[in-house]
Amino acid sequence: MTDSNAPTSEPSNYIRDIIDEDLKQGRHGDRVVTRFPPEPNGYLHIGHAKSIVLNFGIKRDYADRADTRCHLRFDDTNPETESVEYVESIKEAVRWLGYDWEEHLYHASDYFEQFYDFAVVLIEKGLAYVDSLDEAEIREYRGTVNEPGTASPYRDRSVEENLDLFRRMREGEFEDGEHVLRAKIDMASPHMILRDPLLFRIKHAHHYRRGDSWCIYPMYDFAHPLEDAIEDVTHSLCTLEFDNNRRVYDWVLENCLDPDDVDDRPHQYEFARLNLTYTVMSKRKLLQLVEEGEVDGWDDPRLPTIFGMRRRGITPDAIKSFCRDVGVTRTESRVEIAQFEHAIRDDLNEKAPRVMAVLDPLKVVVTNMDEETAPLEANHWPRDIDREQMRPVPFSKEFYIERDDFREDPPEDFIRLAPGREVRLRYGYFFTCEEVVHGADGSVAEIRGTIDPETRDGTAPDGRSPRGTIHWVSADHGIPFEARLYDRLFDIPAPDAGETDFREHLNDGSLVVQNGYVEPSIRDLPKDQRVQFERNGYFWQDPSDSTDDHLVFNQIVPLRDAWTEDDDTIDLEEKRREKERQKRLNREKSIANKKDHAETLDADERDRFVRYRDELGLSPDDAAIIAGRDDLSDLFEAVVDRGTDAQLAANWIVNELLALAKATPVDELPFDADDFARLLNLIAEDEVSSSGGRTVLEVIAEQGGDPEAIVDSKNLRQIDDTDKLRAVVQTVVKDHPEETERYRGGKKGLVGFFMGQIMQRTQGSANPETARELLQEELAG
RNA sequence: UGCCCAGUAGCUCAAUUGGCAGAGCAUCUGAUUCUGGUUCAGAAGGUUGAUGGUUCGAGUCCAUCCUGGGCAACCA
């Protein structure tokens, strides 16, 4: 039971971690500026909602710590697909979700002049050129993922010529496709994106906002970073598929911006888009369903579109709380629809007054009652929700119950109505079934039976209480209505994953229409009130089809149902076994394909490798890693020459130094072989522990310095003195009686906790081996 | 076959930056209940993708491999 409106502590995620750190470092002063940048070429869906909640959520949550903004920006740089209709629908969707962009509404199309100017800057720097290859040729020249590209013959045009051509492109002197403007980066880059990406193309097309004033339009990779920079965005959040594009994003900003502005330029961070089981999320597939009439428009309640969800009756609160639940990560995932349904129920449980409605009516006649009784009184709210809102519920001789709630031949655990059985009618009498009337086809047509007049208030004087309670609606007073029950749109969890066309997996039963009766008090509730039809789920009136004469209710979500006849438990077990099987398979493969490091070495490296392995006794792995890099070999040999033990040196180079020097060659680090040898010496002589050594290494790799001096200034000299250590160990144990208790009770993993405490107190300088021995002695009691 | 990204419970995520592997959802019990709902209590579920290494100590650091995804639009 969470109140989604409450300012609950926001879950942290990796993007918030970055923002926290940036705030701490003052990277953008105290500004945190995000943006939601849709292209107005389609309707928004729950995946967009995740992005909206992320971006606007950051604006809201950091408002107390920082100067925050969140822009709504239309990324309208492609005139062929965009329109005002989409702009308006997107604004409406964002507003409906409950977010306010205030005065920060922007359009990329307002920046066309600036994009042009930035392009001129690049040309003048010799970093962009007009290419006159046609589309097919450009593709050809780009190469493939395995082969480098080749330079366009136009790549080396003069700045003047480029400037002239680019100006004339804008003037409209050329046809579509005759020329493009490209960045001059690297046609051989292993990153395809960096093989001279296109910046501008000619498109004689009418733009929905700029009309015909432009005939060249910028590409995403050029426009987007500049849009962010123009608006002073600090954190530009997008989905994972733009990961590769980040390289151009950075390149554009670093080369277009004034050097003074580069330091606090925007940065792009990617997160996984949201996928749900049993539905599809891509604009293209959604469009296909709409256009082919598989669903009833963009706001069909079965669709995961914002308008579909709105029409279905799902609230913004539920969507937001769901988005918070799934979090923000870089792991691609598909969330079980059950998780979403939970958020919807959790939200509605406290918002929806209860009423009774029968969806699939079966008539019941009471034989021991002739005239109408006064209406029963019932609270719209169940006892566990602390609200009172009474309404009259008329009861009469004839009423309807749910067809499902009666079985002629009930299974063992069936607790509802059956021949000879008594049940409680919700808010009213106990009823006993005495007769079953069959129709011509043999199906049950009517139930007859008696009420116990003593049980009008739902209790019996003799204290008996039926096992089951069922809902009902008076036949004389019930209002007929149409119920639309929605189920998952597809019948497999990942309709868009396999080889087959996703449309083959459409679920025939995704919409079931039933005609039932609802209690008359529904008329006293606001038309847009979400209600719970007891035992049937949450409903509300369809906003477009429901009228006073013909009520239409959408089922927002059914109630959780513990009485299901099919069980998913087998499925779960199967999944576990499948995962286990897969793991075993992968293990075999990964062992079988283990690579021999030495294979890729050239002749010189191989010499070194053999020497390290055979003469110095290094493991083949270590020997190959060091031999494979000149900088590592030089350092390694230099320290060994100074008398350091080869294995020790290798360990530290491979396992510790490599982590710090992934990108930079070690000879560019601010320390030399002497420093490193001295450090290793301190470690070899037990002057510092290995963790102390690591600290020293970090310092000298960062800023250089004498290891010995650092050891002293940071107080890292290893404590071997047993008495001194014992004192520390004893205090630690004494200070944590509860953990000690648990350790003695069998939670041996706590040694790590205690060791951590000891290391903290001694700033990492305790001799770990001795400390551990003493600790174990002490904990043994 | 190049480059990039990601692998923690069935699903979605945590894990104080090298120190007790946890939570929500789903599942299964039990209690409460005039909703087979809600709420509460509990259980089960893990070789942290694998193998080796570093370390007193590895989900976290190093190496290799495996699996999945992305990149060769004048789309975004």
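Numbers restart at 1 for each chain; the letters A, B, ... are given by sequence-line order, proteins then strands.
Straight-line distance between the C1' atoms of rC71(B) and rG24(B): roughly 35 Å, to the nearest whole Å. Comparing the same atom, C1', in rG22(B) and in rU64(B) gives a spacing of 31 Å after rounding to whole Å. Nucleotides rA43(B) and rG49(B) have their C1' atoms positioned 28 Å apart, rounded to a whole Å. rA76(B) and rC66(B): their C1' atoms are spaced 33 Å apart (whole Å). Taking atom C1' on both nucleotides, rG45(B) is separated from rA58(B) by 24 Å, rounded to a whole Å. Rounded to the nearest Å, the gap between the P atom of rC61(B) and that of rA23(B) is 24 Å. Taking the P atom of each, rA26(B) and rU32(B) are spaced 23 Å apart, rounded to whole Å. Spacing of P atoms, rA21(B) relative to rG37(B), comes out at 36 Å, to the nearest Å.
As judged by a 4.0 angstrom heavy-atom cut-off over every strand, Asp457(A) is placed among the base-contacting residues. Among the protein residues, Gln532(A) comes within range of the nucleic acid bases, having at least one heavy atom under 4.0 Å from a base atom. When heavy atoms are screened at a 4.0 angstrom cut-off, Leu658(A) is found touching the sugar-phosphate backbone but no base atom. Residue contacts shown for Arg694(A) include a base, since a base heavy atom lies under 4.0 Å away. Across all strands, Thr469(A) comes closer than 4.0 Å to base atoms (heavy-atom distances). Nucleic acid contact class of Gly749(A) (heavy atoms, under 4.0 Å, all strands): sugar-phosphate only. Here Arg535(A) lies in heavy-atom contact (under 4.0 Å) with a base. Among the protein residues, Phe414(A) comes within range of the nucleic acid bases, having at least one heavy atom under 4.0 Å from a base atom.
One finds no side-chain N or O of Arg576(A) lying less than 4.0 angstrom from the OP1 or OP2 phosphate oxygen of rA9(B). The side chain of Arg330(A) contributes an N or O atom lying less than 4.0 Å from OP1 or OP2 of rA6(B). In this structure, Thr459(A) does not reach the rC34(B) phosphate: none of its side-chain N or O atoms is under 4.0 Å from OP1 or OP2. At rG36(B), none of the side-chain N or O atoms of Arg424(A) fall inside 4.0 Å of OP1 or OP2 (strictly under the cut-off). Contact annotation: Thr329(A) reaches the phosphate of rC13(B) (side-chain N/O to OP1 or OP2, under 4.0 Å). Taking only side-chain nitrogens and oxygens, Lys579(A) comes nearer than 4.0 Å to OP1 or OP2 of rC11(B). For rG49(B), the OP1/OP2 oxygens have no side-chain nitrogen or oxygen of Arg587(A) closer than 4.0 Å.
Taking the centre of each ring, Trp563(A) and Phe414(A) come in below the 6.0 Å mark. Phe322(A) and His342(A) have their aromatic ring centers separated by at least 6.0 angstrom. For Phe242(A) and Tyr220(A), the ring centers sit closer than 6.0 Å to each other. Aromatic pair Phe222(A)/Phe200(A): centroids less than 6.0 angstrom apart. Residues Phe395(A) and Tyr429(A) place their aromatic rings such that the two centres sit under 6.0 Å apart.
Among rC20(B), rC34(B), rU55(B), the nucleotide with an atom closest to any side-chain atom of Arg742(A) is rC20(B). The side chain of Arg354(A) sits closest to rU35(B) out of rU35(B), rC66(B), rU47(B). Ranking rA50(B), rC20(B), rC56(B) by closeness to the Lys747(A) side chain, first place goes to rC20(B). In this structure, the nucleotide among rG36(B), rC25(B), rC20(B) sitting nearest to the side chain of Ala562(A) is rG36(B). Nearest to the side chain of Asp346(A), among rC5(B), rG10(B), rU39(B), sits rU39(B). Side-chain proximity of Met755(A) to the nucleotides rC56(B), rG37(B), rA63(B) is greatest for rC56(B). Relative to the side chain of Lys575(A), the nucleotides rA21(B), rG10(B), rG49(B) differ in distance, and rG10(B) lies closest. Side-chain proximity of Leu572(A) to rG53(B), rC11(B), rG10(B): nearest is rG10(B). Side chain of Asn655(A), nearest nucleotide from rG36(B), rU54(B), rC56(B): rU54(B).
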**Request:** Under the side-chain hydrogen bond (donor to acceptor under 3.5 Å, both in side chains) rule, what do Asp645(A) and Gln647(A) come out as? Steps first, then yes or no, please.
**Result:** CA-CA 6 Å; Asp645(A) 174 68; Gln647(A) 186 59 59; over 6 Å; no

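Not a single donor-acceptor contact under 3.5 angstrom links the side-chain atoms of Arg383(A) to the base of rU33(B). At a cut-off of 3.5 angstrom, the base of rG36(B) holds at least one donor-acceptor pair with the side chain of Arg416(A). For Asp384(A) against rG37(B), a side-chain N or O and a base N or O form a donor-acceptor pair under 3.5 Å. Taking 3.5 Å as the limit, the base of rG24(B) and the side chain of Gln339(A) contain a donor-acceptor pair of atoms between them.
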**Prompt:** Nucleotide by nucleotide, 5' to 3', does protein get under 4.0 Å of the base (B), only the sugar-phosphate (S), or neither (-) in nucleotides 67-76 of chain B, counting heavy atoms?
**Reply:** S-SBBBSBSB

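Atom CD in Glu341(A) sits roughly 13 Å away from atom P in rU38(B) (whole-Å rounding). Rounded to whole Å, atom P of rU54(B) lies 13 Å from atom CG of Asp645(A). In this structure, Lys748(A) atom NZ and rG19(B) atom C1' are separated by 17 Å, rounded to whole Å. In this structure, the CG atom of Asn767(A) is 14 Å from the P atom of rU55(B), given to the nearest Å. Look at CZ on Arg334(A): it is 13 Å from C1' on rU12(B), rounded to the nearest Å. Atoms CD (Glu573(A)) and C1' (rA26(B)) sit 13 Å apart, rounded to a whole Å. For Tyr14(A) and rA6(B), the OH to C1' distance is 11 Å, given to the nearest whole Å.
Between Arg629(A) and Leu658(A), some side-chain heavy-atom pair lies under the 4.5 Å cut-off. Counting only heavy atoms from C-beta outward, the side chains of Phe74(A) and Asn41(A) never approach each other to under 4.5 Å.
With the nearest nucleotide of RNA chain B identified for both Asp243(A) and Gly752(A), Asp243(A) has the one nearer the 5' end. Where Arg345(A) and Ala592(A) each meet RNA chain B at their nearest nucleotide, the meeting point lying more 5' is that of Arg345(A).
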**Item:** Dot-bracket pairing map - RNA chain B, Watson-Crick plus G-U, both contacts under 3.5 Å, | cross-strand
**Value:** .((((((..((((.....[..)))).(((((.......))))).....(((((..]....))))))))))).....

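Remark: the Glu534(A) side chain and the Tyr427(A) side chain contain an N/O donor-acceptor pair separated by less than 3.5 Å.
Exactly one of Arg581(A), Lys575(A), Arg576(A) qualifies for a salt bridge (Lys or Arg N to Asp or Glu O under 4.0 Å) with Glu578(A). That residue is Arg581(A). When Arg535(A), Arg426(A), Arg424(A) are each tested for a salt bridge (Lys or Arg N to Asp or Glu O under 4.0 Å) with Asp405(A), only one passes: Arg535(A).
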